[in-house]
Each structure stands twice: as structure tokens, then as C-alpha cells.
Amino acid sequence: MRHRFPWPVLPVWLITRLALFLAATQVIPVGHEGSFEGDVTLYGNWSRILLGGEFPAGDEKWQYPPYAALPLLAPHLLPWSYRIDFYVLALGCDLAILLLLCRFTVKTGGSRTGVWAWTIGAALLGPLLISRYDLMVTLVAVLALTLSTNPAVRGALIGFGLAIKVWPVALLAGLRRWRELLTGGASALVVVVLGCGVATLVLPHALDFLTAQQDRGLQIESLAATPFALARALGWWGGFTTYQHGAMELVGPGVEAATLVSVAATPVALVLLAVWWFRAAPTEKTYYDAALTTVLFLVVTSRVLSPQYLIWILGVTAVVFAARTRQRPAAWLILVATLLTGIMYPWVEEDYSWSGRLPGTLILVARNLVFLAAAVVSFVQLWRSTRRPGRGRRDELAAVGEDLGVSRDGMAARGPGIRTA
């Protein structure tokens, strides 16, 4: 059967992105202009420092691997102002992600839900989508997920993404068996070492990012900060927020302990993934599922959960939808979290960040609870979809029953007479 290119998605993408561009440039006045323009202005300032032959040493906001310089310098290749050039470059990466998803859908006979999830879901973030360089990193991640099944190619792309922003390393988790993992891991390592080595020789302070994160506190949007945000809104906690390291961070009783718990939660989550990896009987689709679960685990356990993180989570989610995996329940929860994030930032940011008012704080709490649910559901589905064959007939029947939508007890009652079409 020949699968057709999903042409209707292109005009919808064009209309939504034109609206985002007009809103980001304030042709359509949407208020909160600084929330969208501020980071682009910062990128422009950094790019001028980079053009001067060094990284932004001493700037607490610069916390990125050396090849983050590429998306910051690329707008200088275009003829307009840096701000307009950045938006145009971001839209180009956005369109490239969509076309990769379309190609993957046609090539594999996948679900068109993936391309629609990216087209509509990413638009829910508003002008934030094209105002952060996370869109460029997401393009590399989607390339690693969809361009080739060769672990060496995937590893090289992951390594390149890691040299721009660290999170694409999560995509290594789904490589099946030791041979694929070692091949992909070695390929990623070679790209990172060579890339960072060249950057170190060319520009000073290229490796400052390795220690830049250690002094970061608990960001108000993070999952671990949620109880404090709600308690403050209800008048039960006397702490406050302050702007540092480029984010709103909590200060007050209990925050240091919560930060330590958050830091410790990440290795615990990685241990859970390691247990799954050693016990799993993976399939071709496991790579996409494991990528989503790992990214979600890294996000929900992090001290930082900036709104733009949704951009890369959505990229992986769209691939999961297109691949028709069992992660669809978690993927739908992520779309709900995206909608709440689009409402939360920047429209009610003042409520939960500075003033601690209840209405905006409740949206933040709801968003984080949906995120947590998505992470739990994602891991449960990953575990169930890769279980090794059961030891008894009942386990065998239960596995068949799950595929057919029949309960475990119902399958056991039907016994060996069950037939499938």
C-alpha cells in the first residue's frame, strides 16, 4: 500500500507560524513582549562576544556546550536585524522538523497524528516556540530519531546534539542490546570529544559549561518546587523567589533539602531505566518509547523546568505518535501539559513567579502534575511493552489479550480456544 504525503498539514503550519511570527514581532500585539524578545536579545549579545573570539565567560546565564554558538551565530548569515533573522531561522528549523515527521510517516506507514501533534501542539506554546534556540536542538534530535536506524549514525547525531545542548544524550537509552549501545555511544563520544576539542583550541572557556550548572537553585517551574509554590499561594510558606542564573529560583525554609532530593532523583530515575534495559525484550519501536521516557525522567527530576523544554519533549512526542507505539497515553498527557504551559507562560507568570497569587499557581501545579503523570505512564507502558515472554500459559494468554483489548481474566477464561484473525 502506498502512503501519501500529508499535504493538508502544510497550510495549517503556514497559518499558525505566520501568526506566531506576527505575535513575536508585535505586529499582532499580544503583550508581554519582553518574555519573547528577551532571550533573543541575549542571544544577539552573546553572538557579538562569540564573533569577538571568545565565549561569554563570567556570564552566569551562559551554561551551554560550545556548539550552542552555532544557532546563535547563524542569524548573522541573514540580511535583516538579528531578531528577525533569528525568528526566520527558527521557522526554518520548525519546518524541517515537520518535513522529517512527514517523511518518517510516509516511509514507515505511520500515523499522521505525529505531524498534527507537532503542527498544532507546538503552536500551543505561542511565540515562545520561535524565541528560543531549543528548536534548533530539537531538529537534531528528530534527525537522530527518524533519519536512520543505523546506531553509528544515530550516535553521531546524538553527539552533535549533545555538543549544542546536553539533553539529546537521553536518546541513547533506547539502543537495543550491547552492540547497538556500544556502537551508538562510541559514535556520540567521538563527535563530542572531537567537537569540544576543536572548540577549546579555537576559543577560550569552551568547557566552562561543565561547572556552570552546579550553583543553580530550585527553579519555580520545576516539579520539586511545586509544593513550595502552592504553599506560598495559600499563605503556608514564608519563602520567596529571586531572579538568578537566568531563572526565578526559590529561597526559603526547606528549599535546600528539596534541591538535594531533586538532584538525587535523577540517578534514581536512571537506575530504574537501567533495570528496564537489562530486563527488556525490545522491538524496533522501543527506541522511540525509551527516548520519550528518558527525556521525561530527566525533566521531572531536574531542578530546572523552563517552558521551552516543552519544545524538545514535543519533538520526541510527535515521533512517538507517528511510530504508532504504546506511548500514546503519555503523549496525549504531554499535549495537555503543553497547552497548560502555553497558558502559564507568560500570561500568568507573574502569579506563580513573583507575587505568588493562587490562580496562576494552580495552573503551574496542574501542569506539573500532568507532567508527572506522563512520566509515570510512559515508564509503565515502556516496561509492559518490552516484557519478556511469561513462564506460564496464563502470562501468554494475558499478553495476547492486551493486544486484543481483552482483560487478563477474560483471556484466562477463554483458554486455548482463542483465535486471532
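Keep in mind that this is a model prediction, so the values were computed, not measured.
Residue pairs that meet the salt bridge (charged side-chain N to carboxylate O under 4.0 Å, His left out) test with at least one member in residues 16-29, sequence neighbours left out, are R17-D94. The salt bridge (charged side-chain N to carboxylate O under 4.0 Å, His left out) analysis of residues 115-125, with sequence neighbours excluded, yields no pairs. Residue pairs meeting the salt bridge (charged side-chain N to carboxylate O under 4.0 Å, His left out) criterion with at least one partner in residues 299-310, sequence neighbours excluded, do not occur; the list is empty. For residues 42-58, no residue pair satisfies the salt bridge (charged side-chain N to carboxylate O under 4.0 Å, His left out) rule, not counting sequence neighbours.
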Please set out all donor-acceptor pairs under 3.5 angstrom arising from side-chain atoms of residues 304-319, sequence neighbours excluded.
{"unit_1": "S306", "atom_1": "OG", "unit_2": "Q219", "atom_2": "NE2", "d": "3.3"}
{"unit_1": "W312", "atom_1": "NE1", "unit_2": "D134", "atom_2": "OD2", "d": "2.8"}
{"unit_1": "T317", "atom_1": "OG1", "unit_2": "I313", "atom_2": "O", "d": "2.7"}

Can you give me every donor-acceptor pair (side chain of residues 272-281, partner residue at least two apart or in another chain, under 3.5 Å) with its distance?
{"unit_1": "W276", "atom_1": "NE1", "unit_2": "T386", "atom_2": "OG1", "d": "2.7"}
{"unit_1": "W277", "atom_1": "NE1", "unit_2": "L175", "atom_2": "O", "d": "3.0"}

Taking distance alone, no hydrogens or angles, what donor-acceptor pairs closer than 3.5 Å link side-chain atoms of residues 100-109 to residues at least two apart or in another chain?
{"unit_1": "T105", "atom_1": "OG1", "unit_2": "L101", "atom_2": "O", "d": "2.7"}
{"unit_1": "T108", "atom_1": "OG1", "unit_2": "F104", "atom_2": "O", "d": "2.7"}
{"unit_1": "T108", "atom_1": "OG1", "unit_2": "G110", "atom_2": "N", "d": "3.4"}

Without placing hydrogens or testing angles, list every side-chain donor-acceptor pair under 3.5 Å for residues 364-372, not counting sequence neighbours.
{"unit_1": "R367", "atom_1": "NH1", "unit_2": "T341", "atom_2": "OG1", "d": "2.9"}
{"unit_1": "R367", "atom_1": "NH2", "unit_2": "E221", "atom_2": "O", "d": "3.3"}
{"unit_1": "N368", "atom_1": "ND2", "unit_2": "E221", "atom_2": "O", "d": "3.1"}
{"unit_1": "N368", "atom_1": "ND2", "unit_2": "S222", "atom_2": "O", "d": "3.3"}
{"unit_1": "N368", "atom_1": "ND2", "unit_2": "T226", "atom_2": "OG1", "d": "2.8"}

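A cation-pi contact, defined as under 6.0 Å to the ring centre and within 45° of the axis, links R154 to Y287.
Contact of the L157 side chain with the V191 side chain is not registered, since no non-hydrogen atoms from C-beta on lie closer than 4.5 Å. Counting only heavy atoms from C-beta outward, the side chains of V166 and P65 approach each other to under 4.5 Å. The closest side-chain heavy-atom distance from H76 to S47 is below 4.5 Å. With a 4.5 Å cut-off on side-chain heavy atoms, I28 and F21 do not count as touching. Side-chain contact between V137 and P168 is present, with heavy atoms from C-beta onward closer than 4.5 Å. Side-chain contact between F297 and L270 is absent, with no heavy-atom pair separated by less than 4.5 Å. Side chains of F321 and Q327 form no contact here, defined as non-hydrogen atoms less than 4.5 Å apart. With contacts defined as side-chain heavy-atom distances shorter than 4.5 Å, the pair L296/L292 qualifies.
Between P75 and the choices I84, V40, D85, V88, the side chain to side chain contact (heavy atoms under 4.5 Å, CB included) rule is met once, by D85.
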**Asked** Between E284 and R176, does a side-chain contact (heavy atoms from CB on, under 4.5 Å) hold up when you go through it step by step?
**Response** CA-CA 9 Å; E284 290 291 338; R176 302 180 300 162; 2.9 Å; yes
**Request:** Would you sort out whether E60 and Q244 count as a side-chain contact (heavy atoms from CB on, under 4.5 Å), showing the intermediate values?
**Result:** CA-CA 8 Å; E60 67 174 13; Q244 54 189 9; 4.3 Å; yes
**Message:** Determine whether V190 and L194 satisfy the following criterion, side-chain contact (heavy atoms from CB on, under 4.5 Å), listing intermediate values before the conclusion.
**Reply:** CA-CA 6 Å; V190 167; L194 288 177; 3.7 Å; yes
**Message:** Please determine whether side-chain contact (heavy atoms from CB on, under 4.5 Å) holds for the pair Y67 and V198, giving the CA-CA distance in whole Å, both sets of side-chain angles, and the decisive distance to 0.1 Å.
**Reply:** CA-CA 10 Å; Y67 280 80; V198 170; 4.2 Å; yes
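One distance of note links CG of L333 with OG of S378; it measures 10.0 Å at 0.5 Å rounding. L89 CG to I130 CD1: the interatomic distance, rounded to the nearest 0.5 Å, is 11.0 Å. Between the CE atom in M248 and the OG1 atom in T242 there is a gap of 6.5 Å [rounded to 0.5 Å]. In this structure, F240 CZ and L250 CG are separated by 10.0 Å, a value rounded to the nearest 0.5 Å. The CG atom of L72 sits 11.0 Å away from the CG atom of N45 when rounded to the nearest 0.5 Å. Of the inter-residue distances, the one linking L95 atom CG with L99 atom CG reads 4.5 Å to the nearest 0.5 angstrom.
Using bins of under 30°, 30° to 60° and over 60° for the plane-to-plane angle, the ring pair Y64/W62 lands in the perpendicular bin. Ring geometry, Y133 versus Y43: the interplanar angle exceeds 60°, so the pair is classed perpendicular (tilted spans 30 to 60°).
Of all heavy-atom pairs spanning A123 and L20, the tightest one is O-CD2, 4.1 Å. Of all non-hydrogen atoms in L98 and V115, the two that sit nearest each other are CD1-O, 3.9 Å. When all heavy atoms of Y352 and I220 are compared, the closest pair comes out as O-CG1, 3.4 Å. Shortest non-hydrogen contact noted between A374 and A330 is O-CB, 3.6 Å. Closest non-hydrogen pair, W167 versus A141, comes out as CH2-CB, 3.4 Å. Nearest heavy-atom pair across L298 and T301 is O-OG1, 3.6 Å.
Under a 3.5 Å cut-off, the side chain of T294 and the backbone N or O of A291 do not form any donor-acceptor pair. Using modelled atom types, one side-chain atom of W347 and one backbone atom of G342 make a donor-acceptor pair closer than 3.5 Å. R112 places no side-chain N or O within donor-acceptor distance of the main-chain N or O of V9, the cut-off being under 3.5 Å. A donor-acceptor pair under 3.5 Å is absent between the side-chain atoms of S187 and the main chain of T183, judged by distance alone. Between the Y87 side chain and the T25 main chain, no donor and acceptor come within less than 3.5 Å of each other.
Residues satisfying the salt bridge (Lys or Arg N to Asp or Glu O under 4.0 Å) criterion with D289, sequence neighbours excluded, are absent altogether. Every residue meeting the side-chain contact (heavy atoms from CB on, under 4.5 Å) condition with I120, not counting sequence neighbours, appears here in chain and number order: V12, W116. Shown here are the salt bridge (Lys or Arg N to Asp or Glu O under 4.0 Å) partners of D351, two or more places apart in sequence or in another chain: R357. Scored by the salt bridge (Lys or Arg N to Asp or Glu O under 4.0 Å) test, R328 finds no partners at all (sequence neighbours excluded).
Under a cut-off of 6.0 angstrom, the local environment of CD in E350 is crowded, with over 12 non-hydrogen atoms contributed by other residues, nucleotides or ligands. Within a 6.0 Å sphere centred on CH2 of W332, heavy atoms belonging to other residues, nucleotides or ligands number 12 at most.
In this model, no donor atom of one side chain and acceptor atom of the other lie less than 3.5 Å apart for S262 and T259. A donor and an acceptor atom, one from each side chain of R216 and Q63, are located under 3.5 Å apart.
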